[in-house]
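Report on the structure given below.
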There are 2 protein chains.
Amino acid sequence: MENSELPAEVALMWRLRDTGRRGPKPSLTLDDIVRAAIELADAEGLAAVSMARVAERLGNSTMALYRHVKSKDELLVLMSDAALERPEPLPDGIDWRTGLTFWADGVLTAIRRHRWYAKLPISGPPAGPNNLAWFDCALGALKDTGLPEEAKVGVVMGLITYVQGQIRVAFDLAAGYDENPAAFSQYGATLARVVDPRQLPAVARVLEAGVFDEVGSFEEDSEQDFHFGLQLYLDGIAAFIERVGQDRAR
Amino acid sequence: MENSELPAEVALMWRLRDTGRRGPKPSLTLDDIVRAAIELADAEGLAAVSMARVAERLGNSTMALYRHVKSKDELLVLMSDAALERPEPLPDGIDWRTGLTFWADGVLTAIRRHRWYAKLPISGPPAGPNNLAWFDCALGALKDTGLPEEAKVGVVMGLITYVQGQIRVAFDLAAGYDENPAAFSQYGATLARVVDPRQLPAVARVLEAGVFDEVGSFEEDSEQDFHFGLQLYLDGIAAFIERVGQDRAR
DNA sequence: TCCTTACTGCGTATCTAATACGCTAAATAG
DNA sequence: CTATTTAGCGTATTAGATACGCAGTAAGGA
């Protein structure tokens, strides 16, 4: 029960701080702070999250926050766990592929509510309660595949990376689009202007095929890209499961 | 030849600015600035890259830089293209799978030289000369697969996302490890302390199997993870190529 | 009950960074 | 030779993180 040995941020995420007995009643709670920061980020983006703005939102002074978090980075870590609410548990008896697709859609939906999530730096392997719940959920989907535990972890880590990467790209592009739509609709034309077919023959071929000529609705396009790439990765997992099963049968 | 219609950053990346005739000779060039910024980031990390530090490195004043770049963000965009030197062209007649593996290893090597690269925000689809060269290289590897151009683009975009995501995670974790190695070696123990097997059965199973008990050398582990995930994705591509080939045969 | 002490909120001050603005001087076009 | 551009740069403004220390509060012990 020695919380002292746990990394500070982990203890905070699980709210394991030994509640101090003496002194004034805190008028702020960690939950308040994290919630306010998340609301601010939702409303005005991650860049708007400053200690001062968060404190203002709570009607407190800036420095009061530092009684509850060691630094802004620590606050960001707490936000990153709190933003992902608990996953819906997977329906029972579902096959792994359907399960992981369901899971990936869930991640996408959860992060869509907090687009800044994809911009946060990764501070370590999943350790907060919500992140671990998602991790558990994905691992659980692989329950009946016969993969050894270590392989499940590898598969899920790769999937997380893929999913978060795809989301990050999609949101960054969408943000760039909102900022300067012209640059995007011109994309094909711009490339055509700049690409020398002798230097970049494959890009030139793509341009000639007109792939970049019209960029449809971003939301739809990126949703399609997301699922397309996801299916590729899931096909890869299927091949891997097959391979491991055969090795084992021998 | 109207450069005016090109997005400003693209024109800069391709160095298409119409060289001003009048006025004093510039003592700084854009290349100097970008090179200095990259050296600084290599040496002390992205956080050390401030306009002041870059200028200092060049023996100029801070504000002089603003004659060449509109903002720090623009400088970051220029850095992100300049940091990826040209790819080695793929050996001729190589099959797509070997080609993409070679390509992915090349990306990994290139980014390893500039670890901050993985932290940069994505500002748009590839548009700089170096980024496009890598894009071309990957597309070229799929030349003989019979995939339609649009599908090639989708496959390559997904691959880029996967590769960069994996690299980002690996470097962030490595940075976290350097900062606080204890937190990593304790990871398994920490989870064991905090995980309730009824709440997170799959994670508990992984812990019981001892998967997180010893975390080997990070460089090696992440290299293995990188290739493992890459192979999964490539298996997925193989399945996709197969499928498209069959559809076409019908 | 009163004192000790841990703990809270917060004012102040410092440091770092981005960048707007406007001046001066250098080239070159005409 | 003058008007026009443009480079470099000094100054000042704004924003943000966070160190430091004071003052008041409430629980535990005497």
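Quick caveat: nothing in here was measured; it's all calculated off a predicted structure. In what follows, chains are A, B, ... by sequence order, proteins preceding strands, each numbered from 1.
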*Which part of the nucleic acid, if any, lies within reach of B:Met63 when heavy atoms closer than 4.0 Å are counted: base, sugar-phosphate only, or nothing?*
base

*Grab the CG-C1' distance between A:Leu76 and D:dA17 for me, whole Å please.*
12 Å

*Please confirm whether the backbone N or O of B:Ala127 pairs with a side-chain atom of B:Asp81, one donor and one acceptor, at under 3.5 Å?*
no

*Would you please confirm or rule out a distance under 4.0 Å between OP1 or OP2 of C:dT8 and any side-chain N or O of A:His68?*
no

*From the list C:dC7, D:dA17, C:dA25, which nucleotide is the closest neighbour of the side chain of A:Pro24?*
C:dC7

*Between the main-chain N or O of A:Thr29 and the side-chain N or O of A:Asp32, is there a donor-acceptor pair closer than 3.5 Å?*
yes

*B:Ser71 has a side chain; which of C:dT19, C:dC10, D:dG8 sits nearest to it?*
C:dT19

*For A:Lys72 and D:dG16, give me the distance from atom NZ to atom P, rounded to whole Å.*
8 Å

*With respect to the side chain of A:Pro26, which nucleotide from C:dT19, C:dG9, D:dA7 is positioned closest?*
C:dG9

*Got a donor-acceptor pair under 3.5 Å from the side chain of B:Arg22 to the base of D:dT6?*
no

_If I take atom CG in residue A:Asp32 and atom P in nucleotide C:dT8, what distance separates them, rounded to the nearest angstrom?_
14 Å

*With B:Met13 as reference, evaluate B:Leu78, B:Val34, B:Leu6 under the side chain to side chain contact (heavy atoms under 4.5 Å, CB included) test and give the passing residue.*
B:Leu78

*A:Met51 CE to C:dG9 C1', straight-line distance once rounded to whole Å*: 14 Å

_Polar side-chain atom of A:Trp103 near backbone of A:Trp134 as donor-acceptor pair, under 3.5 Å_ = yes

*If only atom types and distance count, is the side chain of A:Tyr187 paired as donor or acceptor with the main-chain N or O of B:Pro126 below 3.5 Å?*
yes

*At under 4.0 Å between heavy atoms, what does A:Ser27 touch on the DNA or RNA strands: base, sugar-phosphate, or nothing?*
sugar-phosphate

*Rounded to the nearest angstrom, tell me the gap between atom CD in A:Glu74 and atom P in D:dA17.*
15 Å

*Send over the distance from B:Lys70 NZ to C:dA18 C1', rounded to a whole Å.*
15 Å

*A:Leu65 CG to C:dG11 P: how many Å, rounded?*
13 Å

*So does A:Lys25 get a side-chain nitrogen or oxygen closer than 4.0 Å to the phosphate oxygens (OP1/OP2) of D:dA27?*
yes

*If each of B:Val49 and B:Gly23 is mapped to the nucleotide of DNA chain C with the nearest heavy atom, which maps nearer the 5' terminus, i.e. the 5' end?*
B:Val49

_Rounded to whole Å, how long is the line connecting atom OH of A:Tyr66 with atom P of D:dA19?_
7 Å

*asked:* Reading DNA chain D from 5' onward, which residue's closest nucleotide shows up sooner: A:Arg67 or A:Ala52?
replied: A:Ala52

